[in-house]
Amino acid sequence: APGSRDVGGIRDLDQRTLSVDPGDKAAVEKALRALIDADATRFGIASADLKLHHLVHHRLGGLEGLADIHQAIFKQTRDGLPVKGAELRFTLKTLQGKPTIVSQNGRLFPQLDVDTRTTLPEDVIEGKLAERLGSSPQSDAAALRPAGEQIVYARGAWRRVRLYESRSA
């Protein structure tokens, strides 16, 4: 998709120590968000456009030569909708009692141009589903259930899409 920005990788590795308690997940998240907001050149988006998807603290203390590890995954959003394929990952190790970033990578879309407010009426969506699946909207509606919404790049443009799952085998 156009406008993507790869973040991180081997050439972009700079270890940064966060001045927070490594056992306080909320403080680690807040410090990572502050780092993102302070470096608009690298990340291209505000931390407000990232939803925390996963933050795990693996406690390895006491095992010789191993440091505790944090893994944080943020998913990019626009107006509360997830952007398909857009995420930012951090791996941190607790070194000298402080969480230190040892890797960061991801793909973000800073120049995302999408209308998230306009949606098709339900009857139009049902008609398009029937056309796509080759059957009547009534039988398709019974076989499909909503599976959320997201922003995807399709047919040359960013679009807000509604996803469905099939109930049939």
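Hydrogens, waters and symmetry mates play no part in the numbers below; they use all other heavy atoms, side chains included.
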Peer 1: Counting C-beta onward and ignoring hydrogens, is there a side-chain heavy-atom pair between L163 and K84 closer than 4.5 Å?
Peer 2: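 In short, these two side chains do not touch, never coming nearer than 4.5 Å.
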
Peer 1: So L35 and I101, side chain to side chain contact (heavy atoms under 4.5 Å, CB included) or not? Walk me through it.
Peer 2: CA-CA 11 Å; L35 179 128; I101 298 170; 3.9 Å; yes

Peer 1: Do the non-hydrogen side-chain atoms of R5 and P110 ever get within less than 4.5 Å of each other?
Peer 2: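 With C-beta onward as the side chain, the pair touches.
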
Peer 1: Where is the tightest heavy-atom contact between T77 and A48, given as atom of each residue plus distance?
Peer 2: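 Reported closest heavy-atom pair: OG1-O, 4.5 Å.
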
Peer 1: So, E29 and K25, do they make that salt bridge, N to O below 4.0 Å?
Peer 2: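 Between K25 and E29 there is no salt bridge, as every charged N stays at least 4.0 Å from the carboxylate O atoms.
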
Peer 1: Would you find more than 12 non-hydrogen atoms of other residues, nucleotides or ligands less than 6.0 Å from K30 atom NZ?
Peer 2: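 No, the 6.0 Å shell around NZ holds no more than 12 heavy atoms from other groups.
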
Peer 1: Any non-hydrogen side-chain atom of Q150 less than 4.5 Å from a side-chain atom of L81?
Peer 2: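 Of all side-chain heavy-atom pairs linking L81 with Q150, none is under 4.5 Å.
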
Peer 1: Can you check whether T17 reaches L95 side chain to side chain, under 4.5 Å on heavy atoms?
Peer 2: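 With C-beta onward as the side chain, the pair stays apart.
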
Peer 1: Taking E149 for its side chain and R160 for its backbone only, find out whether a donor-acceptor pair lies under 3.5 Å.
Peer 2: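 No, the answer is negative, given that no donor and acceptor are paired below the 3.5 Å cut-off.
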
Peer 1: Is it the case that over 12 heavy atoms from other parts of the model lie below 6.0 angstrom from the CG atom of D123?
Peer 2: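 More than 12 within 6.0 Å, yes.
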
Peer 1: Hey, could you give me the CG/CG distance between L32 and L52, rounded to the nearest 0.5 Å?
Peer 2: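 One finds 9.0 Å between CG of L32 and CG of L52.
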
Peer 1: Group every Ile, Leu, Val, Met, Phe, Trp and Tyr by side-chain heavy-atom contacts under 4.5 Å, then state whether F43 and L55 land in the same group.
Peer 2: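 Shared cluster, yes.
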
Peer 1: At what distance, to the nearest 0.5 angstrom, does CG of L92 lie from CD1 of I69?
Peer 2: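 Going from the CG atom of L92 to the CD1 atom of I69 covers 10.0 Å.
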
Peer 1: Does I151 offer a backbone N or O that forms a donor-acceptor pair with the side chain of R78 under 3.5 Å?
Peer 2: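 Pair absent, no side-chain N/O of R78 close to backbone of I151.
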
Peer 1: Using the side chain to side chain donor-acceptor pair (under 3.5 Å) definition, which of the options Q71, K93, H70 pairs with H58?
Peer 2: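 Answer to the side chain to side chain donor-acceptor pair (under 3.5 Å) test with H58 among Q71, K93, H70: Q71.
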
Peer 1: May I ask you to test the F90-V28 pair for a side-chain heavy-atom distance under 4.5 Å?
Peer 2: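 When only atoms from C-beta onward are counted, V28 and F90 do not touch, as no gap falls below 4.5 Å.
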
Peer 1: Mind checking the CD-CZ spacing from E87 to R107? Nearest 0.5 Å is all I need.
Peer 2: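 Here the rounded value is 10.5 Å.
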
Peer 1: For the pair R117 (side chain) and D79 (backbone), establish whether a donor and an acceptor sit closer than 3.5 Å, ignoring hydrogens and angles.
Peer 2: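 Flag not set: sc R117 to bb D79 has no pair under 3.5 Å.
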
Peer 1: About how many Å separate CZ of F109 and CH2 of W158, when rounded to the nearest 0.5 Å?
Peer 2: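 If we round to the nearest 0.5 Å, W158:CH2 and F109:CZ are 4.0 Å apart.
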
Peer 1: Drop me the distance from H57's NE2 to D68's CG, to the nearest 0.5 angstrom.
Peer 2: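 The NE2 atom of H57 sits 4.0 Å away from the CG atom of D68.
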
Peer 1: Could you tell me the separation between the CD1 atom of I45 and the CG atom of L88, rounded to the nearest 0.5 Å?
Peer 2: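 If I round to the nearest 0.5 Å, the distance is 7.5 Å.
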
Peer 1: Return the minimal non-hydrogen interatomic distance between R159 and A154, and the atom names on each side.
Peer 2: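 Reported closest heavy-atom pair: NE-O, 2.9 Å.
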
Peer 1: Honestly curious: do Y164 and V124 fall in one hydrophobic cluster under the side-chain, below-4.5 Å linking rule?
Peer 2: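 In one cluster with Y164: V124, yes.
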
Peer 1: Test I36 against every option in L50, L108, D49 by the side-chain contact (heavy atoms from CB on, under 4.5 Å) rule and name the one that passes.
Peer 2: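 Single side-chain contact (heavy atoms from CB on, under 4.5 Å) partner of I36 among L50, L108, D49: L50.
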
